Amino acid sequence: MIEENVKKLLEEVGENPFGEKVTLVAAVKTQTVEDINRAIAAGITDIGDNHVQEFRDKYDGITGDPRRHFIGHLQTNKVKYLIGRTYLYQSVDRMELAEELSKRSERAGVTSDCLIQINIGNEETKGGFEYDDGPEAYKKISALPALKVKGLMAMLPFTDDEGVLRPLAKKMRKLYDELREIDGNIQHLSMGMSGDWRLCVECGSNMVRLGTSIFGPRRYN
Ligand SMILES: *Cc1c(COP(=O)(O)O)cnc(C)c1O
């Protein structure tokens, strides 16, 4: 089942209307190492974790050397466990975290890549910078010595109402294009989960994070 889902999704994601290849990141929270490795064997090249503990517990068991993304809320005191092992910190949602990532990266002699998380729906339950603060956040974060901004990440509100979702997704693409004009390193717009990724890609996302549609329902125990 996982294998079929991966093959089908890899074919389906394709390109967005801007002619950009869409990267499929498997959101692996609560999944077993065995299932994650099945997905990788079927073609998954990028995996995203939400929890530092899971990231650490599963790290050595994962085969195929996928790119490791961190996509969840990250406490500053746990940053040290991820440094040097993470391809992309997608969920930089506050200055304090950006500063800690840069400090720890510098200390380890590496440069880390990140996305700035934008709370596009202005939801209390979600992290991220306010949309209007995006350019200022970009300016401050890109000035840090060991952290490079590679783009933006967002989670749309949980609704099926395309009249709500589409304008928000388009606003994200607009901000992404504005940043891309001033910074050649900007290359990822990470937006889209199992329920809304098609709409997000149509609006210009080039990175989707899928869990349920690859693995089925999550295994909480
Ligand atoms: C869990 C999660 C996803 C994937 O969610 P699905 O609806 O299962 O596809 C994507 N992004 C983040 C940040 C997540 O926590």
Side-chain angles (χ1 to χ4, degrees), residues 1-2 4-10 12-13 22-33 35-36 38-40 42-58 62 66-75 78-79 82 86-94 97 101 113-129 150-162 164-165 168-169 172 176 188-221:
M1 205 49 195
I2 291 173
E4 283 168 39
N5 292 342
V6 167
K7 293 206 168 105
K8 202 175 67 177
L9 287 165
L10 282 173
E12 256 188 294
V13 290
V22 178
T23 302
L24 170 55
V25 178
V28 299
K29 59 177 175 274
T30 79
Q31 306 302 334
T32 62
V33 169
D35 283 352
I36 298 167
R38 283 171 63 193
I40 294 166
I44 288 293
T45 54
D46 293 71
I47 64 173
D49 263 292
N50 286 70
H51 302 287
V52 173
Q53 193 60 48
E54 278 190 53
F55 178 98
R56 296 177 70 193
D57 289 347
K58 293 174 192 171
I62 287 172
R67 292 186 286 243
R68 322 268 181 141
H69 300 241
F70 198 82
I71 64 175
H73 179 72
L74 180 52
Q75 291 170 259
K78 296 198 173 148
V79 163
L82 302 180
T86 307
Y87 171 73
L88 189 62
Y89 299 88
Q90 293 207 13
S91 41
V92 174
D93 56 1
R94 58 201 194 282
L97 174 60
L101 282 166
D113 291 339
C114 77
L115 305 181
I116 298 173
Q117 184 175 347
I118 301 290
N119 187 354
I120 187 62
N122 237 329
E123 296 173 280
E124 269 181 32
T125 53
K126 291 201 175 105
F129 292 89
K150 294 280 188 152
L152 300 172
M153 184 270 225
M155 271 182 277
L156 297 181
F158 285 113
T159 170
D160 291 333
D161 187 348
E162 295 207 0
V164 172
L165 297 176
L168 294 177
M172 282 302 303
Y176 172 78
H188 304 301
L189 176 55
S190 177
M191 181 171 68
M193 302 174 38
S194 293
D196 60 13
W197 71 265
R198 287 183 181 81
L199 177 144
C200 288
V201 169
E202 274 170 37
C203 295
S205 166
N206 55 31
M207 184 174 271
V208 296
R209 309 173 309 267
L210 307 184
T212 317
S213 54
I214 294 174
F215 298 105
R218 281 187 262 287
R219 306 153 175 265
Y220 292 106
N221 37 4

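Note that ligands are numbered from 1 as they come in the structure, with each ligand's atoms numbered from 1 the same way. Below, each value reflects all heavy atoms present in this structure, side chains not excepted, and no hydrogens, waters or symmetry copies. The structure presented is a predicted model; accordingly, all values stated were derived computationally and were not measured.
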Exercise for the section: Look at the side chain of Lys78 and the backbone N and O of Gln53, then say whether any donor-acceptor pair between them is shorter than 3.5 Å. Expected result: no

Donor + acceptor pair across side chains of [X], [Y] (<3.5 Å):
X: Asp46; Y: His69; answer: yes
X: Gln117; Y: Ser91; answer: no
X: Asp93; Y: His73; answer: yes

Problem - Contact residues of ligand 1, where a non-hydrogen atom lies under 4.0 Å away - result: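 Lining ligand 1: Ala27, Lys29, Asn50, Ile71, Met155, Met193, Ser194, Arg209, Leu210, Gly211, Thr212, Arg218.
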
Handout entry: Nearest-0.5 Å distance, CE of residue Met172 to CG of residue Leu189
Key = 5.5 Å

Exercise for the section: Can you establish whether the number of heavy atoms outside Asp160 located under 6.0 Å from its atom CG is more than 12? Expected result: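 At most 12 heavy atoms, drawn from other residues, nucleotides or ligands, come within 6.0 Å of this atom.
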
